[in-house]
Amino acid sequence: MDTHEFLSSVLARGNYYCLLQLLDGGKDAANRKQTFYGSIDDLVVAAKQADNNGWDVYMAMGSFAERGKRTNDRVQNVKALFLDLDIDDDDERKYPSQREALNGLRSFCKELKLPKPFIVNSGRGVHVHWALKESVPKDEWQIVATRLKAMVKEKGLLADHAVTSDAARVLRI
């Protein structure tokens with residue numbers, strides 16, 4: 001699956017899409033860029049150019065009615081449910097390897113009879129996306145995302161719980 005097809009599957013219809021670019025972890029302002037684009041086509045072009053120039057590239061999961069700040073209250077629509085499974089063999093709240101994260105995800109999906117998600121190697125973990133058939137308003141999405149977050153906790157899947165119900169969250173492309 002190419003970048004455009006993936007982004008079209010997981011990003012909601014909206015006026016603007018947010019791209020976050022980080023260089024060397026984005027520790028200072030010169031190494032951090034956040035830009036809004038009016039189409040997925042424009043977002044893809046910018047993401048590929050940034051990646052070719054050595055930047056780490058992330059997309060906001062929600063679409064926005066207007067350009068500006070990337071905050072949860074400004075999200076218009078969302079088109080995917082998502083998780084972030086982090087890797088750190090010294091932290092019991094994270095998986096020691098991507099293989100173990102994927103095994104945990106596989107068991108979680110099987111137990112809850114969830115469809116196969118899109119999986120992105122995040123560098124130090126796994127980003128998981130379940131694309132919805134249609135874009136939904138953020139407030140409606142929030143109800144389902146909060147339930148997913150509760151199920152993740154209940155079933156013991158080692159996900160970053162802050163990510164699961166944050167419609168403005170950025171995840172790696």
Side-chain angles (χ1 to χ4, degrees), residues 1 5-20 22 26 34 36-37 40 43 47 56-88 91-98 100-173:
M1 170 176 291
E5 186 179 0
F6 170 64
L7 294 180
S8 295
S9 296
V10 300
L11 293 180
R13 276 183 258 133
N15 295 346
Y16 297 101
Y17 304 93
C18 182
L19 180 71
L20 176 66
L22 302 177
Q34 181 171 279
F36 287 81
Y37 295 91
I40 291 176
L43 180 76
D56 290 325
V57 183
Y58 302 82
M59 71 208 165
M61 293 306 300
S63 65
F64 298 83
E66 43 191 49
R67 298 174 196 255
K69 294 181 181 179
R70 180 183 48 85
T71 58
N72 199 40
D73 62 316
R74 296 172 57 87
V75 170
Q76 182 180 31
N77 295 308
V78 189
K79 192 181 172 194
L81 295 166
F82 43 86
L83 301 173
D84 180 12
L85 308 178
D86 288 324
I87 307 302
D88 184 341
D91 187 340
E92 63 193 32
R93 297 167 298 164
K94 298 177 182 179
Y95 288 98
S97 69
Q98 282 189 336
E100 290 187 48
L102 292 171
N103 287 340
L105 175 64
R106 198 171 293 115
S107 296
F108 178 76
C109 290
K110 185 176 181 180
E111 183 175 351
L112 295 178
K113 298 182 171 81
L114 295 173
K116 185 177 177 180
F118 294 115
I119 297 171
V120 175
N121 179 342
S122 68
R124 297 247 341 122
V126 177
H127 291 163
V128 181
H129 305 266
W130 287 277
L132 305 175
K133 290 183 180 182
E134 299 290 329
S135 300
V136 295
K138 193 257 309 188
D139 292 341
E140 292 177 25
W141 172 87
Q142 193 74 56
I143 295 166
V144 179
T146 300
R147 181 68 180 134
L148 175 62
K149 181 177 174 177
M151 292 306 300
V152 165
K153 287 180 180 180
E154 180 182 313
K155 301 299 180 184
L157 186 65
L158 301 178
D160 182 337
H161 301 301
V163 171
T164 307
S165 60
D166 180 1
R169 182 61 61 158
V170 292
L171 296 176
R172 192 177 291 274
I173 296 178

May I ask you to check whether over 12 heavy atoms, not counting those of Glu92, lie within 6.0 Å of atom CD?
no
Flag the pair Phe6 / Met59 as yes when at least one side-chain heavy-atom distance between them is below 4.5 Å, and no otherwise.
yes
Sequence neighbours excluded and cut-off under 3.5 Å, please list the side-chain donor-acceptor pairs for residues 105-117, or say none.
unit_1, atom_1, unit_2, atom_2, d
Arg106, NH1, Asn103, OD1, 2.7
Ser107, OG, Asn103, O, 3.2
Glu111, OE2, Lys155, NZ, 2.9

Show the nearest heavy-atom pair for residues Ala80 and Trp141, with the distance to one decimal.
O-NE1, 2.8 Å
Applying side chain to side chain contact (heavy atoms under 4.5 Å, CB included), run through Glu100 and Ile87 and close with a yes or a no.
CA-CA 9 Å; Glu100 290 187 48; Ile87 307 302; over 6 Å; no
Between Leu19 and Val57, does the side chain to side chain contact (heavy atoms under 4.5 Å, CB included) criterion hold? Intermediate values first, please.
CA-CA 7 Å; Leu19 180 71; Val57 183; 3.2 Å; yes
Contact check, side chains of Asp86 and Arg93, non-hydrogen atoms, under 4.5 Å
no
Roughly how far, to the nearest 0.5 Å, is OG1 of Thr71 from CG of Asp166?
9.5 Å
Apply side chain to side chain contact (heavy atoms under 4.5 Å, CB included) to residues Asn72 and Gln142 and explain how you reach the verdict.
CA-CA 10 Å; Asn72 199 40; Gln142 193 74 56; 3.7 Å; yes
Other residues, nucleotides and ligands only: do more than 12 of their heavy atoms fall within 6.0 Å of CZ on Arg67?
yes
Between Ala145 and Thr164 the two heavy atoms that sit nearest each other are CB-O, 3.6 Å
Considering only heavy atoms from C-beta outward, does the side chain of Val78 approach that of Leu132 to under 4.5 Å?
no
Could you state the interatomic distance from NZ (Lys94) to CZ (Arg124), rounded to the nearest 0.5 Å?
7.5 Å
Can you tell me how far the OG atom of Ser97 sits from the CG atom of Asp88, to the nearest 0.5 Å?
12.0 Å
For Arg13, does its backbone N or O pair with a side-chain atom of Ser135 as donor and acceptor, under 3.5 Å?
yes
Side-chain heavy atoms of Trp130 within contact of Leu148, under 4.5 Å
yes
Look at the side chain of His127 and the backbone N and O of Arg172, then say whether any donor-acceptor pair between them is shorter than 3.5 Å.
yes
Are Gln34 and Leu20 side-chain neighbours, meaning at least one heavy-atom pair lies under 4.5 Å?
yes
Heavy-atom closest pair, residues Tyr95 and Gly156:
OH-O, 4.4 Å
Check whether any side-chain heavy atom of Arg70 lies under 4.5 Å from a side-chain heavy atom of Phe64, and answer yes or no.
yes
Can you see which heavy atom on Phe36 is nearest to which on Cys18, and at what distance?
CE2-CB, 3.7 Å
To the nearest 0.5 angstrom, please state how far the OG atom of Ser63 sits from the CD1 atom of Ile40.
9.0 Å
Is the closest side-chain heavy-atom distance between Asn15 and Glu66 below 4.5 Å?
no
Kindly state each residue pair satisfying salt bridge (Lys or Arg N to Asp or Glu O under 4.0 Å) with at least one member in residues 137-148, sequence neighbours excluded.
none
First locate atom NZ of Lys79, then atom CE of Met61, and finally report the distance between them rounded to the nearest 0.5 Å.
10.5 Å
Give, for atom NZ of Lys149 and atom NE2 of His161, the distance between the pair rounded to the nearest 0.5 Å.
8.0 Å
Minimum heavy-atom distance Gln98-Gly125, with the two atoms named:
NE2-O, 2.6 Å
Atom of Val126, atom of Ala101 and distance for their closest heavy-atom approach
CG2-CB, 4.4 Å
I'd like to check Tyr58 versus Asp56 (side-chain heavy atoms, cut-off strictly below 4.5 Å). Are they in contact?
yes
Working for side chain to side chain contact (heavy atoms under 4.5 Å, CB included), residues Leu171 and His129
CA-CA 10 Å; Leu171 296 176; His129 305 266; 3.6 Å; yes
